[in-house]
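Chain naming here is simple, since letters A, B, ... match the order of the sequence lines and numbering starts at 1 in each. Because the structure is a prediction, the values reported are computed rather than measured.
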2 protein chains.
Amino acid sequence: MSATILVVEDEPGIQEVLKFNLGQHGHDVIVAGDAEEALTLLRGALPDLILLDWMLPGMTGIDFARRVRADARQKNIPIIMLTARSDERDKVQGLDTGADDYITKPFSPRELMSRIKAVLRRRAPQMTEDTVEIDGLKLDPLSHRVHGKIEDKSTALDLGPTEFRLLHFLMTHPERVYSRSQLLDQVWGDHVFVEERTVDVHIRRLRSALEVTGHDRLIQTVRGSGYRLSAIQG
Amino acid sequence: MSATILVVEDEPGIQEVLKFNLGQHGHDVIVAGDAEEALTLLRGALPDLILLDWMLPGMTGIDFARRVRADARQKNIPIIMLTARSDERDKVQGLDTGADDYITKPFSPRELMSRIKAVLRRRAPQMTEDTVEIDGLKLDPLSHRVHGKIEDKSTALDLGPTEFRLLHFLMTHPERVYSRSQLLDQVWGDHVFVEERTVDVHIRRLRSALEVTGHDRLIQTVRGSGYRLSAIQG
DNA sequence: CTCCAACGTCACGAAACCGTCATGAATCCG
DNA sequence: CGGATTCATGACGGTTTCGTGACGTTGGAG
């Protein structure tokens with residue numbers, strides 16, 4: 001699995017290390033020395049992954065990540081952030097802003113490659129940035145909106161961020177049961193430590209929101225296994 | 001998902017904490033106070049995971065990990081290392097040596113369990129789950145569904161978890177008689193103790209559920225021996 | 001700063017599921 | 001033709017799993 005990776009990093013030394021290691025694994029590498037340069041490069045190319053140093057001259061990693069997430073085209077590019085300290089606050093803030101994983105410096109090449117592979121693999125099955133539609137329920141990842149029909153009238157549904165990601169994942173992977181643990185990995189991320197029952201609560205909130213258009217029955221409970229999204233009842 | 005875990009840790013206090021928490025989650029725990037003892041124990045047992053304190057009396061964690069990795073039998077046992085908070089150098093070296101994850105002390109039990117689960121899941125063999133079809137009866141492990149045809153219309157059948165596993169096993173091993181004891185081993189698991197007659201009851205419940213599409217005749221009783229799933233009558 | 005939306009966790013009740021037993025039917029054997 | 005063995009079936013607590021409402025926290029918006 002080879003990919004195009006944008007590295008945003010100001011230290012030339014680390015730049016070289018990353019370029020070498022990523023190249024070894026068959027990835028194409030684009031390097032930007034600061035956030036401005038990175039944004040410029042992003043106008044010309046769409047990488048499959050962004051490796052982002054959290055401490056940058058000028059614009060910080062957080063601001064950069066926000067800018068990237070704000071652009072519809074780039075919204076779904078996974079971001080791995082490189083943090084110097086094991087500062088928990090940075091990590092949390094980074095993950096909130098939309099980073100997919102973090103890695104603390106100094107890091108081993110093995111760990112880095114492992115995380116890159118994990119992130120790419122996780123994103124792989126849901127490449128679609130197109131709108132998904134199941135049983136009249138439309139989800140548009142670009143506009144971050146969900147519409148359902150109620151008596152032939154399109155109605156917007158109100159979802160929280162987590163419910164949206166949960167629904168998005170389920171709609172791009174229908175007709176299949178996912179355990180709570182799998183959903184946590186896919187929707188929350190490997191690095192988040194939450195109770196499995198939290199999934200129940202969000203499923204409930206999601207169902208509750210979908211009730212408006214009667215689409216709550218799309219999400220089915222498979223006792224002892226997990227949840228499934230399916231237009232077919234049973 | 002329960003597993004056998006080898007804990008290599010010299011502090012009795014932490015030993016106890018780990019033993020308790022791991023036990024709570026259904027894992028079997030083997031404890032070694034130092035690397036020598038751990039290596040000795042490894043000759044007798046193959047755990048599913050090693051929890052390794054990086055600071056040990058005598059042989060260090062790095063040396064121990066290297067020894068484990070050198071042995072072909074133990075090569076693939078995942079290792080999670082416990083490191084003191086600040087020591088970044090150890091972390092890098094550890095991951096290079098082949099540790100699969102690290103966790104910094106002090107750690108919360110929840111984070112520890114989460115990482116253990118992640119590592120075990122990563123190692124778990126992904127069994128190929130294909131749909132099985134016999135005599136028009138379709139079972140799909142992915143969607144966790146069973147469909148039968150009734151007058152050319154596909155009809156979903158409602159099964160409980162145990163009935164589903166039972167049917168799944170029988171459909172993947174048709175045309176063969178299984179004793180109650182064998183079915184208990186295969187479907188319930190070899191560690192569970194339940195009455196053999198319990199199988200009868202679940203066979204009955206399964207048949208009852210299959211009645212909807214007339215597939216109850218698929219499961220046949222072989223007096224004195226057990227049960228068999230077969231499309232051929234007799 | 002205050003307010004609010006979103007989230008994670010918990011506790012409680014409901015429902016589903018499971019294992020066991022009692023009883024009666026079916027089958028086998030002398 | 002009984003008697004004994006094996007199996008089917010229905011019923012009944014006990015347990016597990018899930019749904020649901022409530023609560024405390026947190027980060028961001030106003």
Side-chain angles (χ1 to χ4, degrees), chain A residues 62-63 65-66 69-70 87-99 144 146 157-167 177-181 183-184 187-189 191-211 216-217 219-228 234, chain B residues 25-26 108-111 113-114 144 157-167 177-181 183-184 187-189 191-211 216-217 219-228 234:
Chain A
I62 293 183
D63 292 329
R66 216 170 260 144
R69 288 285 182 250
D87 190 337
E88 289 292 335
R89 272 198 33 254
D90 273 3
K91 278 182 203 169
V92 173
Q93 197 168 8
L95 290 170
D96 271 351
T97 310
H144 210 269
V146 181
L157 297 177
D158 189 33
L159 301 182
T162 305
E163 281 113 60
F164 185 86
R165 288 205 311 280
L166 179 56
L167 180 60
V177 176
Y178 288 93
S179 68
R180 289 166 176 76
S181 166
L183 289 175
L184 282 179
V187 179
W188 276 255
H191 36 61
V192 180
F193 312 113
V194 284
E195 293 292 324
E196 293 205 339
R197 291 293 254 101
T198 300
V199 176
D200 296 36
V201 179
H202 280 273
I203 287 280
R204 144 119 177 39
R205 287 169 180 160
L206 182 51
R207 275 174 174 158
S208 178
L210 293 177
E211 245 173 21
D216 53 309
R217 63 206 169 79
I219 299 173
Q220 296 148 12
T221 305
V222 180
R223 188 163 258 262
S225 297
Y227 296 95
R228 169 186 58 205
Chain B
H25 285 73
S108 74
R110 175 173 303 160
E111 180 176 10
M113 296 317 300
S114 176
H144 208 274
L157 297 178
D158 190 32
L159 303 182
T162 305
E163 285 130 57
F164 187 87
R165 289 203 312 278
L166 179 56
L167 180 60
V177 179
Y178 288 93
S179 70
R180 289 167 178 76
S181 164
L183 288 175
L184 281 179
V187 179
W188 274 255
H191 52 285
V192 205
F193 180 75
V194 284
E195 293 292 325
E196 293 205 341
R197 289 264 154 249
T198 301
V199 176
D200 296 35
V201 179
H202 280 274
I203 287 281
R204 137 105 180 42
R205 287 169 180 159
L206 182 52
R207 276 174 174 158
S208 176
L210 293 178
E211 249 172 19
D216 53 310
R217 62 205 167 78
I219 299 174
Q220 296 146 13
T221 305
V222 181
R223 181 168 255 262
S225 299
Y227 297 94
R228 169 186 57 203

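- In this view, R217(A) and D135(A) satisfy the salt bridge (Lys or Arg N to Asp or Glu O under 4.0 Å) rule, not counting sequence neighbours.
- Distance, E196(B) CD to dC7(D) P: 10 Å, rounded to whole Å.
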Worksheet entry | Summary of protein contacts for nucleotides 14-19 of chain D, nucleotide by nucleotide, where a base hit scores B, a sugar-phosphate-only hit scores S (4.0 Å, heavy atoms) | --BBBB
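- By the 4.5 Å heavy-atom criterion applied to side chains, L184(A) and V199(A) are counted as neighbours.
- The heavy-atom pair separating R197(B) from D200(B) by the smallest distance is NH1-OD2, 2.7 Å.
- In this structure, I219(A) atom CD1 and dT20(D) atom P are separated by 12 Å, rounded to whole Å.
- At least one side-chain heavy atom of Y227(B) sits under 4.5 Å from a side-chain heavy atom of T221(B).
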Please list each protein N or O that sits under 3.5 Å from an N or O in nucleotides 3-7 of chain C, with the distance.
from   : atom 1 : to      : atom 2 : distance (Å)
dC7(C) : OP1    : T162(A) : N      : 2.5
dC7(C) : OP1    : T162(A) : OG1    : 2.3
dC7(C) : OP2    : E163(A) : OE2    : 3.1
dC7(C) : O5'    : T162(A) : OG1    : 3.3

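- Of all heavy-atom pairs between L159(A) and A209(A), the closest is CD2-CB, 3.3 Å.
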Item to complete: Report the C-alpha separation of R207(A) and I203(A) in whole Å, then their side-chain angles, then the decisive distance to 0.1 Å, and conclude whether the side-chain contact (heavy atoms from CB on, under 4.5 Å) test is met.
Response: CA-CA 6 Å; R207(A) 275 174 174 158; I203(A) 287 280; 3.8 Å; yes
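- Of the possible polar contacts, one joining the R165(B) side chain to the V187(B) backbone as a donor-acceptor pair under 3.5 Å is found.
- Ring-plane geometry between H202(A) and W188(A) is classed as perpendicular, the angle between the planes exceeding 60 degrees on a 0 to 90 degree scale with a lower cut at 30.
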